[in-house]
**Student:** 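The structure is given below, and queries will be raised subsequently.
In listed order, ligands and their atoms are each counted from 1.
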Amino acid sequence: MKKKIGIIGAMSVETELILEKAEVIEKIKYAGISYHVCKYKDLDLIVSTCGIGKVNAASCTQVMIDKFEPDAIINTGVAGGMHSDVKVCDVVISSEVTYYDVRKEQMKSCFPYKESFIPCDTLKTAIIAAVENLESSKIGYHVGKIASGDSFVTEKEQKDKIIRDYEPLCVDMESCPIAHIADINEIPFVIIRSISDNADEHATMSYEQFESIAAYNSAQILLHALDGMCVM
Ligand code: ADE
């Protein structure tokens, strides 16, 4: 059976390489977001640029699942580094995804509540293989926890609190809602993020400088992983 992979990026810089390499068959708009129905080698892809933040990401993921029924969902994009080993332009592959702006103590009594979401092992292994095999690639990579919230982290106090409470390798604004919606729909998922900044007082400048390279790194690894899936 042909595989259909849903690919979500928050901004066009994060999805443009995928759309350039794939053959776009059709573009369909739901709730203000475009879904590109594409072919890439043996695979069917649905590629979407969801917009920034948790609500946009959640809405896009649920619509993608309802309207296009992907077999798996992969989120690609940039992130703020939260660990001294994780350098700008390195890649982080999710082993766990959580929200850093949810009051766990209050939410624990609510049903259903999950503190974090675990990506699909097969997809995670495919992404690791892709980054390791990428010809001439010297991209550093890390496998670990990603934390999401509705802010672009630029302040030391906020960064320190997130590290103290969650110990993530990086932060972003969409991974966890994408993982959350994929999880409740029982769709396998994985997140790939490349570091554009260190989520500190230099973050805005660093982001402007490294956003394109980091977004490219992440998308390039994703494409290489898709190449591997074509022969699986
Ligand atoms: N994505 C890229 N950099 C980020 C940061 N510093 N905070 C949140 N999301 C990000």
**Student:** Can you report which non-hydrogen protein atom sits closest to atom 4 (C) of ligand 1, along with the distance?
**Tutor:**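 For atom 4 (C) of ligand 1, the nearest protein heavy atom comes out as Phe152 CE1, 3.3 Å.
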**Student:** With a cut-off of 3.5 Å and sequence neighbours excluded, list every side-chain donor-acceptor pair involving residues 59-67.
**Tutor:**
from  : atom 1 : to     : atom 2 : distance (Å)
Thr61 : OG1    : Ala57  : O      : 2.6
Gln62 : OE1    : Asn185 : ND2    : 2.9
Gln62 : NE2    : Asp66  : OD1    : 3.0
Gln62 : NE2    : Asn185 : OD1    : 3.3

**Student:** Numbering the atoms of ligand 1 from 1, which are under 4.0 Å from a heavy atom of Ser151?
**Tutor:**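 Answer, ordered by atom number: 7 (N), 8 (C).
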**Student:** Please list the nearest protein heavy atom to atom 1 (N) of ligand 1 with its residue and the distance rounded to 0.1 Å.
**Tutor:**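 Of every protein heavy atom, Ala79 CA, 3.7 Å lies nearest to atom 1 (N) of ligand 1.
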**Student:** Number the atoms of ligand 1 from 1 as they appear, then name those within less than 4.0 Å of a heavy atom of Ala199, with their elements.
**Tutor:**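 Checking each atom against Ala199, I get 6 (N).
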**Student:** Decide if the gap between the ring center of Phe152 and the ring center of Tyr207 is smaller than 6.0 angstrom.
**Tutor:**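 Aromatic pair counts; centres sit under 6.0 Å.
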**Student:** Please find the pair of heavy atoms, one from Ala215 and one from Val78, that lie closest to each other, and give the distance.
**Tutor:**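 For Ala215 and Val78, the tightest heavy-atom pair comes out as N-CG1, 3.5 Å.
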**Student:** Distance under 4.0 Å to a non-hydrogen atom of Ser196: what atoms of ligand 1 satisfy this?
**Tutor:**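 Answer for ligand 1: 2 (C), 3 (N).
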**Student:** As a check for students: among Thr154, Ile52, Asp197, Asp172, identify the option with a heavy atom nearest to atom 9 (N) of ligand 1.
**Tutor:**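 Result: the heavy atom closest to atom 9 (N) of ligand 1 is in Asp172.
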**Student:** Minimum heavy-atom separation for Arg193 to Asn75, with atom names?
**Tutor:**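 In terms of heavy atoms, the two residues are closest at NH2-OD1, 2.8 Å.
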**Student:** List ligand 1 atoms under 4.0 Å from Gly80, heavy atoms only on the residue side.
**Tutor:**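 In order of numbering, the contacting atoms are 1 (N), 2 (C), 3 (N), 4 (C), 10 (C).
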**Student:** Should the pair Lys39-Asp44 be classified as a salt bridge under the 4.0 Å nitrogen-to-oxygen rule?
**Tutor:**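 Counted as a salt bridge, because a side-chain N and a carboxylate O are separated by less than 4.0 Å.
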**Student:** List ligand 1 atoms under 4.0 Å from Val171, heavy atoms only on the residue side.
**Tutor:**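 Contacts of ligand 1 toward Val171, numbered from 1: 7 (N), 9 (N), 10 (C).
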**Student:** Quick one: CD on Glu174 to CG on Asp150, what's the gap to the nearest 0.5 Å?
**Tutor:**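 That separation rounds to 8.5 Å.
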**Student:** Considering only non-hydrogen protein atoms, determine which one is nearest to atom 7 (N) of ligand 1 and report residue, atom name and distance to 0.1 Å.
**Tutor:**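 Result for atom 7 (N) of ligand 1: Val153 N, 2.8 Å.
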**Student:** Could you tell me whether Asp165 and Lys104 make a salt bridge, using a distance below 4.0 angstrom between a side-chain N and a carboxylate O?
**Tutor:**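 Lys104 and Asp165: not salt-bridged.
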